[in-house]
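Single-structure report; data block below.
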Amino acid sequence: MRWLRDNWIDALIFAVFAVTVVGIVLFLTGVNPFKARTPAPAPAPQVERPRPQTPAAAPEAPAQPEEETAPVTVVPLLPEAPEPQAPAEPARPEPAQPAAARPATPAAPAPAQPAENLTGIFRVSVGAFGNPLNALALAEQLEAQGYPVRLEPVGRVTRVVVGPYDNRADAERAAAQLAKYEPQIYRGDTPPPAGRYLQVGAFKRLDSARAVVAKLREEGDWPVVLNYRQPWLKVWVGPVDDAEVAGWKARLEALGFEVVEVR
C-alpha cells in the first residue's frame, strides 16, 4: 500500500492507458459491450481529465517534495461506425443559356396571297344610297378629284364604285385615300342587275340627270336607281314585278317620260 501511495500517479496513468487500449481493441473488432443495453449507439463520452486527489499524509511521514505532473493523453471511446451508404448523386442542373445565346423564335410568316388574287380587275365600293341624289353628289365629287367612277343599281339602292384597277395594290391605295367612306375592295365585274327596270332617261353629264331624278321623287316617290358606265348615265325605275310593268309604264309615260323596258 505504501508503494501505491508513493506511485499513485504512475498507477493512474497505467489505468487510463489500459482503458484506452481496450477501447481501441473493441472499436477495431466491432464489439460494442453497450449495444445490448441501449437500442441506439451511445454518444461519444466526454472524458474529463481526472484531477489527482491528495491522500491524507501520515503525521510521521516527512513532507514529500511536489512532483511535476506528467501530461496525460486521453483517447475517447468512439461510437460504433454507421454502415456506409452510397452517396446520392447530386442533380446536375442544366446551365442556363444567356439571353443572347438563345435562338429567337422565328415569327410566323404572313400567308402569301396567290398570284391570281393580286392581278385582275379590282374595284372599290365607297357607298350605297337609297336616295339616288346622294349617290349622284358623291359621284360628281369623286370624278372631280380624278377617280374613275361607276354607279351600279343593286336592288333599289345605287352603289358608288371607284375603278377598275389592274391589280390589288392599286385598289388598296385608292381605298386608303378614301378611308373615310369605309371602302370595300372586290374583284371582278359587277353582275347585271336582277329584275326588270324601266329606263326614263340617258345622259352624258351627271348633273343633267338631277332634274329627272328630282321630278320622279316628287311625282309619287318612285324607286329610282342610277346606272353610270361612262359615257352614259341612265335613270332607271324599279325593279318592277312582271305583273306591274304595264301599269308602271303607262303612268310614267303620262308624266312625259319616254320609257324603255330593260332587263
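Please read all numbers here as calculations on a predicted model, not as lab measurements.
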Inset, instruction - State, to 0.1 Å, how close T158 and L226 come at their nearest heavy-atom pair, and which atoms those are. - result: OG1-N, 3.1 Å

Legend entry - Those residues that, when tested against D207, pass salt bridge (Lys or Arg N to Asp or Glu O under 4.0 Å) (two or more places apart): R205

Legend entry - Cation-pi geometry met for K249 and F257 (6.0 Å, 45°): no

Legend entry - Side-chain hydrophobic cluster, 4.5 Å single linkage: members besides V157: V154

Legend entry - Exceeds 12 heavy-atom contacts within 6.0 angstrom, atom CD of E258: no

Inset, instruction - Mark yes or no: R159 above the aromatic ring of Y186, with NZ or CZ under 6.0 Å from the six-membered ring centre and no more than 45 degrees from the axis. - result: yes

Legend entry - Option among L216, V224, L151 that satisfies the side-chain contact (heavy atoms from CB on, under 4.5 Å) test with P132: V224

Legend entry - Contact list for residues 128-181, test ring-ring contact (aromatic ring centres under 6.0 Å, His included), sequence neighbours left out: none

Legend entry - Reported CD1-to-CG distance for the pair I121 and D189, which is rounded to 0.5 angstrom: 8.5 Å

Legend entry - Heavy atoms from other residues, nucleotides or ligands near CD of Q141 exceed 12 (cutoff 6.0 Å): yes

Legend entry - Shortest non-hydrogen contact from P239 toward A194: CB-O, 4.4 Å

Legend entry - Heavy-atom donor-acceptor pair, K215 side chain to L255 backbone, under 3.5 Å: yes

Inset, instruction - Quick one: sort the W236 and Y197 rings into parallel, tilted or perpendicular, breaks at 30° and 60°. - result: tilted

Inset, instruction - Answer yes or no: is there an ion pair linking E140 with R210, defined by an N-O contact shorter than 4.0 Å? - result: yes

Legend entry - Check ion pair R168-E172 (N to O, under 4.0 angstrom): yes

Legend entry - Hphob cluster co-occupancy, I185 + V161, side-chain heavy atoms under 4.5 angstrom: no

Inset, instruction - Scan side-chain atoms only and decide if Q145 and Q177 contain a donor-acceptor pair under the 3.5 Å cut-off. - result: no

Legend entry - NZ-CD distance between K234 and Q199, expressed to the nearest 0.5 angstrom: 5.5 Å

